[in-house]
2 protein chains.
Amino acid sequence: MRSGCPLNYGLEIFGDKWTLLIIRDLMFFNKKYYNEFLQSEEGISTNILADRLQLLEKNKFIRKEKDGEHKQKIIYRLTQKGIDLMPLLMEIGLWSDKYAGSHLHPGRDIIIGDVKENKAKGLKKMFAKLEKEHLTGC
Amino acid sequence: MRSGCPLNYGLEIFGDKWTLLIIRDLMFFNKKYYNEFLQSEEGISTNILADRLQLLEKNKFIRKEKDGEHKQKIIYRLTQKGIDLMPLLMEIGLWSDKYAGSHLHPGRDIIIGDVKENKAKGLKKMFAKLEKEHLTGC
DNA sequence: TAAAACCACTTGCTTTTTACAAGTAGTTGC
DNA sequence: GCAACTACTTGTAAAAAGCAAGTGGTTTTA
């Protein structure tokens with residue numbers, strides 16, 4: 001149900017597991033093709049993936065781009081609106097880093113990386129990286 | 001599906017809309033009774049509420065407490081683990097503040113409040129408030 | 001140039017989850 | 001002692017997710 005609460009507003013459009021995992025793949029794992037999302041560890045179904053990509057595009061979190069080399073391929077990229085979800089994903093990562101204990105695979109610090117040491121600085125660095133990778137050429 | 005990713009770990013246990021809205025109610029709207037959660041603007045169903053409260057308690061995000069005055073009432077309070085989700089909820093609020101535009105009710109800044117001006121300082125203040133309200137007496 | 005493979009999806013069906021309404025057992029106030 | 005209130009539970013219909021197979025277009029291979 002629609003409500004005027006900012007938290008609910010956000011949750012209504014990106015507050016489901018698969019949506020955020022797709023954004024994670026784009027943001028931290030450098031994935032950009034449909035097949036790459038499909039192959040993620042968590043095993044998203046192809047119909048759900050198609051549905052979420054459509055929603056994400058409709059809500060302007062991502063945009064489609066043609067691949068110059070492989071003409072049948074489509075590249076998915078984050079928009080600024082999508083990139084701005086990064087601090088939120090980082091907070092999930094930081095929380096898990098504190099509470100997940102043994103549930104995490106080793107070497108998963110790639111995500112929170114610099115942010116763990118200095119939040120403001122780490123976020124700034126990550127923003128720069130994402131903006132360079134996803135926003136150039138538009 | 002279980003995976004070793006910290007983002008997925010978090011999303012598996014608190015990454016659904018109703019769960020986060022209950023935590024929002026506890027955190028920002030000072031709600032503590034079953035009936036208060038039921039009455040929230042978004043209209044959670046009573047069976048879903050019961051289910052989520054059980055999950056939240058099982059995962060130690062909240063705990064039940066007896067109400068001294070009204071003996072049939074149960075008070076729900078956040079644990080430290082639950083309180084530590086605050087920065088994440090704040091990030092949702094900050095994102096919505098930037099992108100929700102006219103979708104928000106006026107005066108909803110109560111949530112992000114001080115955090116909007118100075119993130120580190122605002123979070124610290126909010127942590128102190130929550131720890132005082134939810135953790136004292138245990 | 002015909003066949004095989006790969007691309008981003010779509011379709012159909014089953015299972016799980018959610019939504020809504022009604023009911024219940026145990027206090028509490030009058 | 002009974003009506004009202006508490007935190008739930010139960011039953012059922014609707015919606016969403018999960019799974020497997022298929023599709024139409026492009027690209028690579030023989």
Side-chain angles (χ1 to χ4, degrees), chain A residues 1-3 8 11-26 29-59 61-78, chain B residues 1-3 7-8 11-26 29-59 61-78 82:
Chain A
M1 182 205 175
R2 189 69 48 88
S3 86
N8 186 62
L11 292 172
E12 291 265 323
I13 43 177
F14 59 74
D16 96 285
K17 195 191 135 156
W18 293 123
T19 301
L20 290 170
L21 287 180
I22 292 167
I23 293 173
R24 172 203 65 178
D25 284 349
L26 283 159
F29 299 156
N30 301 313
K31 299 192 176 179
K32 47 183 180 297
Y33 299 119
Y34 193 92
N35 282 339
E36 290 181 306
F37 302 125
L38 269 188
Q39 282 153 24
S40 282
E41 201 179 0
E42 290 84 9
I44 189 170
S45 302
T46 176
N47 54 342
I48 304 293
L49 175 58
D51 177 74
R52 294 303 191 280
L53 286 173
Q54 205 185 98
L55 276 171
L56 282 169
E57 197 195 1
K58 192 183 130 203
N59 288 314
F61 288 91
I62 61 172
R63 71 196 150 80
K64 290 181 178 180
E65 200 176 276
K66 285 184 180 173
D67 189 330
E69 295 173 31
H70 309 274
K71 292 196 177 177
Q72 69 179 317
K73 282 186 159 185
I74 293 172
I75 296 176
Y76 293 93
R77 292 215 188 279
L78 290 164
Chain B
M1 183 204 174
R2 189 71 47 88
S3 87
L7 261 45
N8 187 62
L11 292 172
E12 290 266 324
I13 43 176
F14 58 74
D16 96 284
K17 195 191 136 157
W18 292 123
T19 301
L20 289 171
L21 287 180
I22 292 167
I23 293 173
R24 171 202 65 179
D25 284 349
L26 282 159
F29 299 157
N30 302 313
K31 298 192 177 181
K32 47 182 182 296
Y33 299 118
Y34 193 93
N35 282 339
E36 290 180 306
F37 303 124
L38 269 187
Q39 282 153 25
S40 283
E41 202 179 358
E42 290 85 8
I44 191 170
S45 301
T46 175
N47 54 343
I48 304 293
L49 175 59
D51 177 74
R52 294 303 192 280
L53 285 173
Q54 205 185 98
L55 276 171
L56 282 169
E57 197 195 1
K58 191 183 132 204
N59 289 313
F61 288 90
I62 60 172
R63 71 196 148 81
K64 290 181 179 180
E65 200 175 278
K66 285 183 180 173
D67 189 330
E69 294 173 31
H70 309 274
K71 293 196 174 177
Q72 68 179 316
K73 282 187 159 184
I74 293 173
I75 296 177
Y76 294 94
R77 291 216 189 280
L78 291 163

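Each chain gets a letter, A, B and so on, in the order its sequence line appears, and its residues count up from 1. Every heavy atom of this structure was used, including side-chain atoms; hydrogens, water molecules and symmetry mates were not.
- Reading DNA chain D from its 5' end, the first and the last nucleotide to sit under 4.0 Å from a heavy atom of chain A are dA17(D) to dT27(D).
- What you find for Phe37(A) and Leu53(A) is that their closest heavy atoms are CE1-CD2, 4.3 Å.
- Of the side-chain N and O atoms in Trp18(B), none sit less than 4.0 angstrom from OP1 or OP2 of dT17(C).
- With a 4.5 Å cut-off on side-chain heavy atoms, Ile44(A) and Leu21(A) do not count as touching.
- Side chain of Tyr34(B) to main chain of Thr46(B): a donor-acceptor pair is present (N/O by atom type, distance under 3.5 Å, no hydrogens or angles).
- Note: CD (Gln39(A)) to P (dC6(C)) measures 12 Å, nearest angstrom.
- Against DNA chain D, the stretch residues 44-54 of chain A makes heavy-atom approaches under 4.0 Å through Ser45(A), Thr46(A), Asn47(A), Ile48(A), Arg52(A).
- Taking the charged nitrogens against the carboxylate oxygens, Glu42(A) and Arg24(A) do have a contact shorter than 4.0 Å, which makes a salt bridge.
- The closest donor-acceptor contact from the side chain of Glu36(A) to the backbone of Lys32(A) lies under 3.5 Å.
- By the ring pair (Phe, Tyr, Trp, His ring centres under 6.0 Å) test, Phe14(A) is found to be paired with Trp95(B), residues two or more places apart in sequence or in another chain being considered.
- Pairing each heavy atom of Thr19(A) with each of Ile13(A), the nearest pair is CG2-O, 4.4 Å.
- Between dA8(C) and Asn35(A), a contact under 4.0 Å exists linking OP1 or OP2 to a side-chain N or O.
- Rounded to whole angstrom, the span from the CG atom of Leu21(B) across to the C1' atom of dA19(C) amounts to 16 Å.
- A salt bridge links Asp16(A) to Arg52(A): one of the charged nitrogens lies within less than 4.0 Å of a carboxylate oxygen.
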Pull out every protein N or O sitting under 3.5 Å from an N or O of nucleotides 24-30 of chain C, one pair per line with the distance.
from: dG26(C); atom 1: N2; to: Gln72(B); atom 2: OE1; distance (Å): 2.8
from: dT28(C); atom 1: OP1; to: Lys71(B); atom 2: N; distance (Å): 3.2
from: dT28(C); atom 1: OP1; to: Gln72(B); atom 2: N; distance (Å): 3.1

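- The backbone N or O of Leu55(B) lies less than 3.5 Å from a partner atom in the side chain of Asn59(B), making a donor-acceptor pair.
- Among residues two or more places apart in sequence or in another chain, the salt bridge (charged side-chain N to carboxylate O under 4.0 Å, His left out) test is passed with Asp25(A) by none.
- Shown here are the side chain to side chain contact (heavy atoms under 4.5 Å, CB included) partners of Lys64(B), two or more places apart in sequence or in another chain: Glu57(B), Ile74(B), Tyr76(B).
- Residue order along DNA chain D, read from the 5' end via each residue's closest nucleotide, puts Ile74(B) first among Asp16(A) and Ile74(B).
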